Novice: 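Structure in structure tokens, see below.
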Amino acid sequence: MGKMEMITNTSPRKGVNNVHPTPPPLPAKAPKYGRKGIFMSKRSALTRYNSASSTARDLWDSLFDGGYRADVTIKTDYGGIIYAHANVLGMASPVLRGMLKRAKGFGKKRSISIHGVHQDAVRVFIRFLYSSRYEYEEMKEFMVPLLVLSHAYAVSSLKRVCEQQLEHGLLNLENVVDIFQLSLLCNAPRLTLISHRMILSNFKAVSTTEGWKSMRNSHPGLEKELLESVIEEENNQKEKIRKSKERKIYLELFEAMEALVHICRDGCRTIGPHDKDFNQNQTPCKYRTCKGLELLVRHFAGCKLRVPGGCIHCKRMWQLLELHSRLCADSTSCRVPLCSNFKEKVKKQSKKDEIKWKILVKKILRTKRIGGSVSFIASSNSMSS
């Protein structure tokens, strides 16, 4: 029976709940009400902060354990009985208050029933109504029934504790499906979100648990919704990866444009304008694409095919030069070869090609702005000045 003791009709009235009343504690130092944390003691579990002293909590626990002048009997499964006080139950739970008003009994004693959960879980629940205390091992063992009881009897403080404990460690792959279903029934949106995310992140492991198999039999519609969520999440991840790769390409193109202007205006390593003198002690180049672009420029200068479509490397160079011309703000003073020529060529292009180039330029500039840097148009003005 665990901590729950069975009380029959032959049990003596004294020592109900099988605990003898303890003497009042000796006078102690005035309690400090400053917040020291959320752990009550080394043995106690994580609890909601309360300004009441531990002495007062001990007294409430003693009142529950001793059953002093208890006027309510709570009947649980398997014939278990817990003695309690109507005033405490009524103040802690509006639902229990209504049950007590309708309860029948002999004299001043009334009787109510709490069925459907383990009798030890009911005892932990009633104790919490007295002192807001619980043991971590009990919370771990009876998490699901305590969450149900806290919602059914409108005990918001216990419901918050259950949600916090699940969020900080008690939610796992074995119980996440059950907790997800309960969170929907118990109107716990944050817990629903957390458990839903865990299911999506660990779907392969969760789909083999007993909780998932049970849900498949009892709530096939909910299983269908979760499967649709998993598919949607996978598609979102694929789209996220695709956009990340696309953004990387646009950033590389932007850096290539900057490196091209750098080579044609300032020179880099051993390549640059004809009026530029190079020395051995040049500062390292800050553009990552400069070395590859330098090799491409050298090939373009010496290639005998050079016509667009004749050489794949030259074709790439033609595309970079045309892209630069579309990004350049002032082709009259720009030192990049053929910049003004491509500006004129744009006027003769087909509308379809023009739209493609405009979309590419727009995406490159948008990607660079998101990265927090100045757009190429502004930097081109400074480079070409």
Side-chain angles (χ1 to χ4, degrees), residues 244-350 353-385:
S244 178
K245 291 180 178 179
E246 188 179 77
R247 183 174 179 271
K248 184 179 179 182
I249 292 173
Y250 293 146
L251 285 174
E252 289 177 349
L253 284 173
F254 186 90
E255 290 178 1
M257 295 298 97
E258 288 185 322
L260 181 62
V261 174
H262 162 65
I263 289 175
C264 297
R265 188 194 67 174
D266 304 321
C268 183
R269 297 185 178 89
T270 60
I271 189 172
H274 63 87
D275 56 349
K276 186 76 174 179
D277 293 329
F278 297 95
N279 53 60
Q280 299 295 328
N281 299 322
Q282 292 187 68
T283 57
C285 181
K286 66 177 182 179
Y287 299 103
R288 293 177 298 177
T289 58
C290 208
K291 185 175 181 180
L293 192 58
E294 178 183 343
L295 296 175
L296 189 60
V297 170
R298 288 187 178 279
H299 169 83
F300 184 73
C303 183
K304 296 183 180 180
L305 295 176
R306 197 184 295 182
V307 293
C311 172
I312 186 172
H313 301 293
C314 292
K315 181 180 179 181
R316 188 176 302 168
M317 189 66 203
W318 284 112
Q319 291 172 339
L320 290 176
L321 291 172
E322 183 170 358
L323 178 59
H324 163 79
S325 71
R326 292 176 177 274
L327 289 165
C328 184
D330 187 5
S331 60
T332 57
S333 58
C334 181
R335 304 193 67 175
V336 176
L338 305 177
C339 183
S340 57
N341 294 40
F342 277 109
K343 287 285 187 182
E344 292 296 325
K345 180 184 175 183
V346 168
K347 300 176 182 179
K348 302 177 183 179
Q349 275 188 333
S350 65
D353 290 338
E354 180 66 15
I355 292 174
K356 289 181 179 179
W357 279 105
K358 283 185 176 180
I359 293 174
L360 177 60
V361 170
K362 185 178 179 181
K363 288 185 176 181
I364 290 175
L365 295 178
R366 181 187 298 169
T367 302
K368 195 57 181 178
R369 289 191 190 101
I370 293 174
S373 299
V374 181
S375 70
F376 184 81
I377 294 177
S379 60
S380 293
N381 287 330
S382 62
M383 286 182 178
S384 59
S385 59

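Heavy-atom basis, side chains included; hydrogens, waters and symmetry copies ignored. As the structure is a prediction and not an experimental result, all values here were calculated from the model. Index from 1, following the sequence.
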Novice: Have a look at Phe300 and tell me which of His313, Met317, Arg316 forms a side chain to side chain contact (heavy atoms under 4.5 Å, CB included) with it.
Specialist: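 Testing Phe300 for a side chain to side chain contact (heavy atoms under 4.5 Å, CB included) against His313, Met317, Arg316 leaves exactly one candidate, Met317.
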
Novice: If you measure from CD on Glu258 to CD1 on Ile263, what distance do you get to the nearest 0.5 Å?
Specialist: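 The CD1 atom of Ile263 is 12.5 Å from CD of Glu258, to the nearest 0.5 Å.
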
Novice: Output the distance between atom CG (Leu251) and atom OG1 (Thr367), rounded to the nearest 0.5 Å.
Specialist: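 One gets 6.0 Å once the value is rounded to the nearest 0.5 Å.
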
Novice: Of all the heavy-atom pairs spanning Ser325 and Cys339, show the shortest one and how long it is.
Specialist: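 In terms of heavy atoms, the two residues are closest at CB-O, 3.6 Å.
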
Novice: As an exercise, state the distance from CD1 of Ile355 to CG of Leu360, rounded to the nearest 0.5 Å.
Specialist: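 Reported to 0.5 Å precision, the distance equals 14.0 Å.
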
Novice: Begin with the C-alpha distance, continue with both residues' side-chain angles, and end with the deciding distance and a verdict on side chain to side chain contact (heavy atoms under 4.5 Å, CB included) for Leu296 and Leu320.
Specialist: CA-CA 10 Å; Leu296 189 60; Leu320 290 176; 3.8 Å; yes

Novice: Please name all residues satisfying side-chain contact (heavy atoms from CB on, under 4.5 Å) with Gln319, sequence neighbours left out, ordered by chain then number.
Specialist: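 side-chain contact (heavy atoms from CB on, under 4.5 Å) list for Gln319, sorted by chain: Lys315.
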
Novice: To the nearest 0.5 Å, what is the distance between CD on Glu344 and CG on Leu338?
Specialist: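 So the gap between those two atoms works out to 12.5 Å.
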
Novice: Is there a side-chain contact between Cys334 and Ser340 (heavy atoms, below 4.5 Å)?
Specialist: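 Sidechains of Ser340 and Cys334: no contact.
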
Novice: Please enumerate all residues that pass side-chain contact (heavy atoms from CB on, under 4.5 Å) together with Ser350, with sequence neighbours excluded.
Specialist: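 Result, side-chain contact (heavy atoms from CB on, under 4.5 Å) vs Ser350: Lys352, Asp353.
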
Novice: Please find the pair of heavy atoms, one from Ala256 and one from Leu293, that lie closest to each other, and give the distance.
Specialist: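 Taking every non-hydrogen atom into account, O-CD2, 3.5 Å.
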
Novice: Yes or no on side chain to side chain contact (heavy atoms under 4.5 Å, CB included) for Leu323 and Phe342, after CA distance, side-chain angles and deciding distance?
Specialist: CA-CA 9 Å; Leu323 178 59; Phe342 277 109; over 6 Å; no

Novice: Apply the test side chain to side chain contact (heavy atoms under 4.5 Å, CB included) to residues His299 and Cys311: give CA-CA distance (whole Å), side-chain angles for both, the deciding distance (0.1 Å), then the verdict.
Specialist: CA-CA 10 Å; His299 169 83; Cys311 172; 3.2 Å; yes

Novice: Return the CG to NZ distance between Leu365 and Lys363, rounded to the nearest 0.5 Å.
Specialist: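 Between atom CG of Leu365 and atom NZ of Lys363 there are 13.0 Å.
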
Novice: Atom NZ in Lys345, atom CZ in Arg326: separation rounded to 0.5 Å?
Specialist: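 Taking NZ in Lys345 and CZ in Arg326, the distance rounds to 8.5 Å.
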
Novice: Salt-bridged, Lys343 to Glu322, with N to O below 4.0 Å?
Specialist: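 No, Lys343 and Glu322 are not salt-bridged.
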
